[in-house]
Structure formats: C-alpha cells, structure tokens
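Each remark here refers to the structure printed beneath this line.
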Amino acid sequence: MDDEIVTINEVFNTEPGIYFYQDKRIGCWVAYGYSAYMLSQISGINHLTGFSERMQMPCVCIADIDFKKLVRENAKSIICKDGWYYLPVKKTIDSEIYNNWVKKVR
C-alpha cells in the first residue's frame, strides 16, 4: 500500500466513492478518510473503525470475506486499479456530520 496514493485519492475524493487498499501486514482491507466514513455506513459489513496516526486520517478495516462480498455485490461498478479498488456510491457526505464522526473516532 502506497501512502502517497492513499492521500491523493482521499484528497481528491470529490465524487462519492470508497477506495479500498489491501494491507497484507494485518490481512484485511482498509479505507481511509471519506472512504472510511462511507464504508462504515454500509450495513451488513463487519468493520473495525479507528484513527491511523501514520496516515493522519480515520480508517475502517474489513475482513477479506466482507471485501469479497462487496465485490460480488458490486461487480459491475467496482473498479480495480494498481493495488487498490474503487467503489462508487450514491451517498453524499455532509461535512459537519463527517467532522463529528472523525472526532468520535479520534
């Protein structure tokens, strides 16, 4: 996982979507920033929410089985890039709600 790509993707995450990165060190899939918030809002997916000191962003981790479930359910819309996946979503983010969520996570 390239920290610079994660940062760039989240800074420019202006169209609602979730960026997923595989963290082989801990054996799960991770989303950061706005992506993390949107992932935390999906029902039926077990997730662990925290704050990444390294990335200075909130993060959400999901198990490989839950990630594969999301891929199957969204096979027509999920995009696979070099080392990461992008899932467009139809939800906008209210910045005040997002900031309050980040404060709770931190």
Side-chain angles (χ1 to χ4, degrees):
M1 178 172 57
D2 184 335
D3 293 354
E4 188 174 319
I5 288 182
V6 172
T7 302
I8 290 169
N9 284 345
E10 287 311 315
V11 166
F12 295 108
N13 193 358
T14 55
E15 293 186 26
I18 303 170
Y19 289 93
F20 296 92
Y21 308 91
Q22 188 175 28
D23 191 326
K24 294 179 182 177
R25 294 173 297 154
I26 57 176
C28 70
W29 290 84
V30 185
Y32 296 92
Y34 287 133
S35 295
Y37 174 74
M38 288 184 274
L39 180 56
S40 74
Q41 303 301 302
I42 297 176
S43 61
I45 299 294
N46 294 319
H47 63 276
L48 177 63
T49 304
F51 190 85
S52 171
E53 294 296 328
R54 185 182 92 242
M55 297 301 296
Q56 288 298 297
M57 287 186 254
C59 60
V60 170
C61 300
I62 62 172
D64 195 51
I65 193 166
D66 287 317
F67 177 73
K68 287 178 181 176
K69 176 183 173 185
L70 283 172
V71 169
R72 276 192 311 276
E73 291 173 353
N74 299 282
K76 291 183 179 180
S77 60
I78 199 160
I79 299 166
C80 178
K81 294 285 186 177
D82 186 30
W84 52 271
Y85 286 77
Y86 176 75
L87 175 63
V89 296
K90 295 178 181 175
K91 180 176 182 150
T92 58
I93 296 178
D94 178 289
S95 59
E96 186 176 336
I97 293 171
Y98 173 76
N99 289 331
N100 289 333
W101 178 78
V102 172
K103 287 176 189 174
K104 288 178 190 175
V105 169
R106 211 169 216 192

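What you see is a predicted model, and the numbers here were worked out from it, not measured in a lab.
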Between [X] and [Y], what is the shortest heavy-atom contact and its length?
X      : Y     : answer
Pro88  : Ser77 : CD-O, 3.3 Å
Gly17  : Ser35 : O-OG, 3.5 Å
Phe20  : Leu87 : CE1-CB, 3.9 Å
Val102 : Pro58 : CG2-CG, 3.9 Å
Asn74  : Leu70 : ND2-O, 2.8 Å
Gly44  : Asp66 : O-OD1, 4.5 Å

Any donor-acceptor pair under 3.5 Å from Glu10 side chain to Tyr34 backbone: yes
Side chain Gln56, main chain Glu53, donor-acceptor under 3.5 Å: yes
Nearest 0.5 angstrom please: [X] [atom1] to [Y] [atom2], how far?
X     : Y     : atom1 : atom2 : answer
His47 : Ile45 : NE2   : CD1   : 10.0 Å
Ile62 : Leu39 : CD1   : CG    : 5.0 Å
Ile18 : Tyr37 : CD1   : OH    : 11.5 Å
Glu96 : Asn99 : CD    : CG    : 8.0 Å
Asp3  : Ser52 : CG    : OG    : 8.0 Å
Lys69 : Ile42 : NZ    : CD1   : 10.0 Å

Geometric class of the Tyr19/Tyr21 ring pair [parallel <30°, tilted 30-60°, perpendicular >60°]: parallel
Evaluation steps, side-chain contact (heavy atoms from CB on, under 4.5 Å), between Ile5 and Asp82: CA-CA 10 Å; Ile5 288 182; Asp82 186 30; over 6 Å; no
Treating Ile, Leu, Val, Met, Phe, Trp and Tyr as nodes and any side-chain heavy-atom pair under 4.5 angstrom as an edge, say whether [X] and [Y] lie in one connected cluster.
X      : Y     : value
Tyr98  : Met38 : yes
Val105 : Ile97 : yes
Val30  : Met57 : yes
Tyr86  : Met55 : yes

Ile26, CD1 atom: more than 12 neighbouring heavy atoms under 6.0 Å: yes
Listed partners of Tyr85 passing ring-ring contact (aromatic ring centres under 6.0 Å, His included), at least two apart: Trp29, Phe67
